[in-house]
Amino acid sequence: MSKQFRTILDWRKRDSVLRGLNDHSQISLIHNTKSVQNAQQRFQMSPISTQLVGMTMSLASMMSSFLKGEERVIIDIQTKGPVQRIYAEASRTGEVRGMTRNPFVKSKTIQEAIGSGRCYIKK
């Protein structure tokens with residue numbers, strides 16, 4: 001296998017953020033499968049908890065991709081459902097982390113897992 005081909009395969013294994021803008025719009029594409037898998041393995045999360053944390057991490061990554069300098073975006077979702085809390089933090093450089101207070105949720109739907117609650121977004 002050539003060195004160039006191995007480099008392409010290594011690149012495909014990494015998470016990435018692709019962003020673009022013009023005079024009228026901004027776009028951000030996120031591929032964060034590895035980060036979500038690492039969070040799932042580290043916290044031994046159930047599938048529904050992994051899905052919720054993954055979506056929150058993706059949102060934080062998208063929002064932070066257009067920041068300047070060392071700024072960060074924090075998303076803190078506090079719920080009355082079994083999940084209780086979902087937290088994600090991301091920087092412009094692509095660093096992202098996420099967690100949930102209750103990683104062992106056995107709900108079948110996102111609505112059951114979250115219930116009602118509040119979402120706080122900080123910059």
Side-chain angles (χ1 to χ4, degrees):
M1 187 180 321
S2 73
K3 184 178 179 181
Q4 182 180 11
F5 187 69
R6 279 190 301 238
T7 303
I8 291 170
L9 289 178
D10 290 342
W11 177 81
R12 289 181 62 200
K13 293 178 187 177
R14 294 178 20 202
D15 290 345
S16 58
V17 177
L18 179 65
R19 56 186 172 258
L21 57 116
N22 65 21
D23 295 337
H24 305 289
S25 60
Q26 299 177 358
I27 186 170
S28 179
L29 303 172
I30 307 296
H31 179 265
N32 66 345
T33 305
K34 279 290 192 195
S35 296
V36 175
Q37 287 174 343
N38 288 340
Q40 191 276 331
Q41 291 169 356
R42 175 173 284 165
F43 299 113
Q44 300 293 309
M45 290 189 283
S46 67
I48 196 79
S49 293
T50 302
Q51 185 177 6
L52 289 167
V53 169
M55 288 189 294
T56 308
M57 289 171 68
S58 296
L59 177 60
S61 294
M62 280 189 250
M63 292 177 72
S64 69
S65 68
F66 293 101
L67 295 176
K68 300 195 185 317
E70 295 294 320
E71 294 178 320
R72 303 179 84 69
V73 168
I74 297 170
I75 299 175
D76 190 3
I77 303 170
Q78 298 175 5
T79 76
K80 294 183 179 176
V83 164
Q84 299 176 359
R85 183 179 183 199
I86 306 163
Y87 178 89
E89 181 177 338
S91 71
R92 182 181 187 276
T93 60
E95 296 172 348
V96 63
R97 60 183 172 180
M99 53 79 70
T100 179
R101 182 169 289 155
N102 182 5
F104 311 111
V105 173
K106 295 192 183 341
S107 300
K108 294 184 180 190
T109 66
I110 290 174
Q111 186 174 0
E112 287 176 15
I114 292 177
S116 63
R118 295 183 184 253
C119 177
Y120 301 95
I121 301 174
K122 302 172 193 170
K123 177 178 144 185

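The shown structure was predicted, so the numbers you read here are calculated from the model rather than taken from an experiment.
The distance from the OG atom of Ser61 to the CZ atom of Arg92 is 13.5 Å, given to the nearest 0.5 Å. Rounded to the nearest 0.5 Å, atoms OG (Ser46) and CD (Gln40) are 8.5 Å apart. Atom-to-atom distance recorded for Ser58:OG and Asn32:CG is 3.5 Å, nearest 0.5 angstrom. Note that the CD atom of Glu89 and the CZ atom of Arg97 stand 4.0 Å from one another [nearest 0.5 Å]. Once rounded to the nearest 0.5 Å, the distance linking OG1 of Thr93 with CD of Glu70 reads 6.5 Å.
Of all heavy-atom pairs spanning Ser28 and Ser65, the tightest one is OG-OG, 3.0 Å. Between Gln41 and Gln44, the shortest heavy-atom contact is O-NE2, 2.8 Å.
Thr79 places a side-chain N or O within 3.5 Å of a backbone atom of Gln84 that can act as its donor or acceptor partner. Formation of a donor-acceptor pair under 3.5 Å by the Ser64 side chain with backbone atoms of Ser91 is found in this model. Listed for the Asp76 side chain is no donor-acceptor partner under 3.5 Å among the backbone atoms of Tyr120.
Under a 4.5 Å side-chain heavy-atom cut-off, the cluster of Ile, Leu, Val, Met, Phe, Trp and Tyr residues that includes Ile114 is completed by Val36, Phe43, Met45, Ile48, Leu52, Val53, Met55, Met57, Leu59, Met63, Leu67, Val73, Ile74, Ile75, Ile77, Val83, Ile86, Tyr87, Val96, Met99, Val105, Ile110, Ile121.
Take Lys68 and apply the salt bridge (Lys or Arg N to Asp or Glu O under 4.0 Å) test, not counting sequence neighbours, and it matches no residue.
Around the CZ atom of Arg85, the shell of radius 6.0 Å holds more than 12 heavy atoms that belong to other residues, nucleotides or ligands.
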